[in-house]
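All remarks here apply to the structure that follows.
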Amino acid sequence: MNLLLENKINTELCKIFNKLKLDDRFAFVKVSDRPDLSDFQCNGALALAKITHKNPREIGTMIAEELQKCTFCESISVDGPGFINLKLKDDVIAQNADAMADDERLGCGMVEDPHKVVLDYGGPNVAKTMHVGHLRSGVIGESVSRIERFVGNDVISDVHLGDWGTPMGMIISEIIMQDGSLDKVYDYDIAQITEFYKQANIRCKDDENARENARQITAKLQEGNTQYRRAWEHLRNESLKAIKANYEQLDVNFDLWWGESDAHQVCGEVVRIARENDISEVDNGATIIRLEESNKPKPPVIIVKSDGAFGYQLTDIATIKMRVEDLHAQEIVYFTDSRQTLHFEQVFEAVQKLGIAPNVKLQHIVFGTVNGADGKPFKTRDGGVMDLETLIAMSKEKVSQSLPKPNEVEGYGTAEIEKLTQQIAIAAIKFQDLKNTIASGYVFELDDFAKFEGKTGPYIQYAVARINSVLRKAAASGLQTGNIVLQAPEERSLALKLAQVHNVVMRAHTDKEPSIIAEYTYNLAQTFSTFYNACPMMNANNQELVSSRLKLAKLTRDILKLMLYLLGIEAPEVMLKAENK
RNA sequence: GUACCCGUAGCUCAAUUGGAUAGAGUGUUGGCCUCCGACGCCAAAGGUUGCGAGUUCGAGCCUCGCCGGGUACGCCA
């Protein structure tokens, strides 16, 4: 099964390159940068010319002459310094689209070597309200998780709570200081817990005694003190409830709700391995693992602090051990912002020295921070952090203004309108995030995040809803889909755009880059809109064209829905609009 | 101080191994609802890719130097 036009051409090119004794690494095409000249272009002749010091146009002409013999090209030319331009026959593109429509995976292939991938994203902390800073990791992680599963990998996602460090001791210490005991702790909800944590932070900032107290309580908690342990469990559970509610709103899901605390036992084992194999050494009372320094200085990993407590990097190392031994991970991917780059370099290097994860691919996907208009991490207008719940509520409020009120439209009561509002608001928030390449930060536009127009989630949802509407009407009129024929240029462009889907998904998979899918999804919706405006479907000239266009529309709808799914965005059947204006 | 990342249209962002005429959205200006959903479509204007050298047939991308912004740098996580 080979539903990708590019693969079809590449296979042919490969044969030709071999026949001409050319390096077949360059025997591939890409979607043309010049749609006026070609559908696909091969730059291989230029690359080869560089290596062999020959004339690129001569090499290009040689390849083009062989290519003339193949059956699927409409035209082949060598242009400019040596670009090989290919234009495909209409019926080849049409048949490809037909085959995609008949395929249950819509033409998308799978990886050749399915393996087990553990994804670590989210990473919220106990006793801290989730804010916009938590958005990216969750939203990106969820999308990558769906992409990885779709291409055939076995995925385990882990939220990995920050539930085990000094902050836990700080908050328990703060409660004892204010209440005199931990008796009331079991009545506290998330709001109160968060408040205690804020105060603990302020206190510890300039009070050495408070810090020391918190450290001691942390140590006792980790040693298994039952009183602290019970209090901690309550704090953790309350936080988890709030965190789960937030993720549920965002449709961000996890297979595992592990936390740093779950690695505690294994931390001890790792320390033993390090000591027994002389990988660690004692320095200023702390047990450390030194790392190789190249041109850049790299501080050692402190696995046991001088006071005997485990260092935070040890937790990550131990967790890798667990994921490899218990979960049989073959690949582990982390999603955090760029501030943790050095941390993971250290962790990965230490893991290698310890021999904990042989042949396991460890990857840190870095993303930029969500910034405000000033280019600094996003703050509300009064300077505070905006929590996730407020953000979602604001987006929903804005969306609901453009939707009808409950029961204004038949069949749309309170529950239905609420669901639609939710779907659109979340699409707006998620797409605004996912359309950006993850490596760079982006500016969060407070005024734009629930916009419908332009490059937005709702624009794509709208495209889907329009197609749904046409297909419903067509079905009611007894019109059916049939083989695809390409006449208008808009039909041809659409069919070509659809053919890119496999490549797009695979690139998003290898690069762990959902924005590639977001970009494509938007382009496809746009290409469809152009087609929609230029080519009437139900009122086309003849029956053959009607059924062809309906099939093209249905395939587009299915691919748009699949792409939205991979982004973690829902596609409502209809989009409603408020009556006013 | 050292290391890493970033600087592209007024604004927010793209640009798959170095390739042709650097693309979208938004904003601005103009056009398109008697026809399948105008949250749409079409068109125009908008650029010395921070600056200066170098490598190359060819540089937004590679190298070096400046300028400007960000982040991280042993016992917080």
Side-chain angles (χ1 to χ4, degrees), chain A residues 25-26 28 30-34 36-37 41 43-44 46-47 49-50 55-56 79-83 85 125 162 164-167 170 204 211 215 260 283-288 295-307 309 311-313 315-316 337-343 345 366 368-369 371 373 375-376 402 424 432 435-437 439-445 448 451-456 458-459 461-463 465-474 477 503-504 507 510-511 515-516 519 522-523 526 529-530 532-534 536-540 549-550 553 574-577:
Chain A
R25 275 182 307 162
F26 304 108
F28 64 94
K30 62 172 198 166
V31 173
S32 179
D33 287 334
R34 293 286 301 271
D36 53 323
L37 298 177
Q41 65 183 89
N43 298 350
L46 294 158
K50 178 106 178 170
N55 185 330
D79 303 293
F83 299 103
N85 281 315
N125 296 317
W164 202 236
T166 315
M170 277 164 64
C204 288
R211 277 203 296 272
R215 265 198 292 272
E260 293 168 346
D283 188 270
N284 283 329
T287 305
I288 65 166
N295 64 325
K296 69 173 172 183
K298 203 175 283 173
V301 176
I302 294 173
I303 55 175
V304 183
K305 298 187 273 191
S306 51
D307 64 0
Y312 76 105
Q313 289 168 317
T315 311
D316 275 330
D337 75 47
S338 56
R339 286 174 294 197
Q340 296 201 45
T341 304
L342 177 60
H343 166 70
E345 277 176 21
V366 171
T369 47
N371 299 325
K376 291 179 179 165
S402 58
I424 298 170
Q432 164 150 294
K435 74 178 179 184
N436 297 289
T437 29
S440 56
Y442 70 97
V443 173
F444 188 82
E445 299 282 353
D448 290 356
K451 267 189 122 166
F452 283 14
E453 299 89 11
K455 203 170 183 174
T456 63
Y459 171 93
Q461 291 178 319
Y462 176 71
R466 270 205 310 195
I467 301 174
N468 285 336
S469 173
V470 174
L471 293 177
R472 272 197 308 272
K473 283 182 181 160
S477 317
N503 213 358
V504 164
R507 268 177 57 214
T510 48
D511 294 356
S515 70
I516 293 172
E519 185 73 21
Y522 175 71
N523 282 337
Q526 226 179 7
S529 288
T530 302
Y532 178 90
N533 261 61
M537 286 174 261
M538 292 169 68
N539 308 321
R549 286 176 177 175
L550 287 174
V574 297
M575 297 278 273
L576 300 176
K577 197 174 181 183

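Each chain gets a letter, A, B and so on, in the order its sequence line appears, and its residues count up from 1.
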>> Could you tell me how far B:U48 sits from B:U29 if I compare only their C1' atoms? Round to whole Å.
In response: 26 Å

>> What verdict does the side-chain contact (heavy atoms from CB on, under 4.5 Å) test give for A:D283 and A:I302, after you've listed the backbone C-alpha separation in whole Å, the side-chain angles of each residue and the deciding distance to 0.1 Å?
In response: CA-CA 9 Å; A:D283 188 270; A:I302 294 173; over 6 Å; no

>> Is the phosphate of B:C33 approached by A:Y532 (side-chain N or O, under 4.0 Å from OP1 or OP2)?
In response: no

>> Can you check the distance between B:C76 and B:G23, where both ends of the measurement are the C1' atom (answer in whole Å)?
In response: 45 Å

> Hey, is the side chain of A:Q526 poking within less than 4.0 Å of OP1 or OP2 on B:G25, counting only N and O atoms?
Replying inline: yes

> CE of A:M170 to CZ of A:R215: how many Å apart, nearest 0.5 Å?
Replying inline: 10.5 Å

> How does RNA chain B read in dot-bracket, base by base from 5' to 3', with Watson-Crick or G-U pairs under 3.5 Å and | used when the partner is on another strand?
Replying inline: (((((.(..((((.....[...)))).(((((.......))))).....(((((..]....)))))).)))))....

Protein-nucleotides 58-63 of chain B N/O pairs under 3.5 Å:
{"from": "B:G58", "atom 1": "O6", "to": "A:K50", "atom 2": "NZ", "distance (Å)": "2.9"}

> What string of B, S and - do you get for nucleotides 70-77 of chain B 5' to 3' if you count protein non-hydrogen atoms under 4.0 Å?
Replying inline: SSSSBBSB

>> Could you tell me how far B:G60 sits from B:U16 if I compare only their P atoms? Round to whole Å.
In response: 12 Å

>> With rounding to the closest Å, how many angstrom separate the P atoms on B:A77 and B:C13?
In response: 33 Å

> Can you check side-chain contact (heavy atoms from CB on, under 4.5 Å) on A:M575 and A:R466, steps first, answer last?
Replying inline: CA-CA 8 Å; A:M575 297 278 273; A:R466 270 205 310 195; over 6 Å; no

>> By nearest atom, which of the nucleotides B:G37, B:C13, B:U16 is closest to the A:R507 side chain?
In response: B:U16

>> Which residues pass the side chain to side chain donor-acceptor pair (under 3.5 Å) test with A:K435, not counting sequence neighbours?
In response: none

>> To the nearest 0.5 Å, what is the distance between CG on A:D511 and CD1 on A:I516?
In response: 4.5 Å

> Mind checking the P distance from B:G31 to B:G68? Whole angstroms is fine.
Replying inline: 47 Å

> Which residues pass the side chain to side chain donor-acceptor pair (under 3.5 Å) test with A:S402, sequence neighbours left out?
Replying inline: none

> Any idea how A:Y459 and A:Y522 line up, ring-wise: parallel (<30°), tilted (30 to 60°), or perpendicular (>60°)?
Replying inline: tilted

> B:C57 and B:A15: how far apart are their C1' atoms, nearest whole angstrom?
Replying inline: 22 Å

> Can you find a side chain N or O atom of A:R472 that sits less than 4.0 Å from OP1 or OP2 on B:G37?
Replying inline: no

> When the C1' atoms of B:U34 and B:A44 are considered, how many whole Å apart are they?
Replying inline: 29 Å

> Listed by chain and number, what are the side-chain contact (heavy atoms from CB on, under 4.5 Å) partners of A:V304, not counting sequence neighbours?
Replying inline: A:V271, A:R275, A:T287, A:F310

>> A side-chain contact here means heavy atoms from C-beta on lying under 4.5 Å apart; do A:V574 and A:R472 qualify?
In response: yes

> Mind telling me whether B:C6 is syn or anti, cutoff 90° either side of 0?
Replying inline: anti

>> Counting only side-chain heavy atoms from C-beta out, which of B:A20, B:G25, B:G37 sits nearest to A:N85?
In response: B:A20

> A:N43 versus A:K30: any side-chain heavy-atom pair under 4.5 Å?
Replying inline: yes

> Which residue lies toward the 5' end of RNA chain B, A:K473 or A:A47, if each is placed at its nearest nucleotide?
Replying inline: A:A47

> Using atom P of each nucleotide, how far apart are B:C62 and B:G18 to the nearest Å?
Replying inline: 9 Å

>> Judged by each residue's nearest nucleotide on RNA chain B, which is more toward the 5′ side, A:D36 or A:T530?
In response: A:D36

> Would you call A:P299 and A:I288 a side-chain contact if the rule is heavy atoms closer than 4.5 Å?
Replying inline: no

>> How long is the straight-line distance from CZ of A:R507 back to CD of A:E519, given to the nearest 0.5 Å?
In response: 9.5 Å

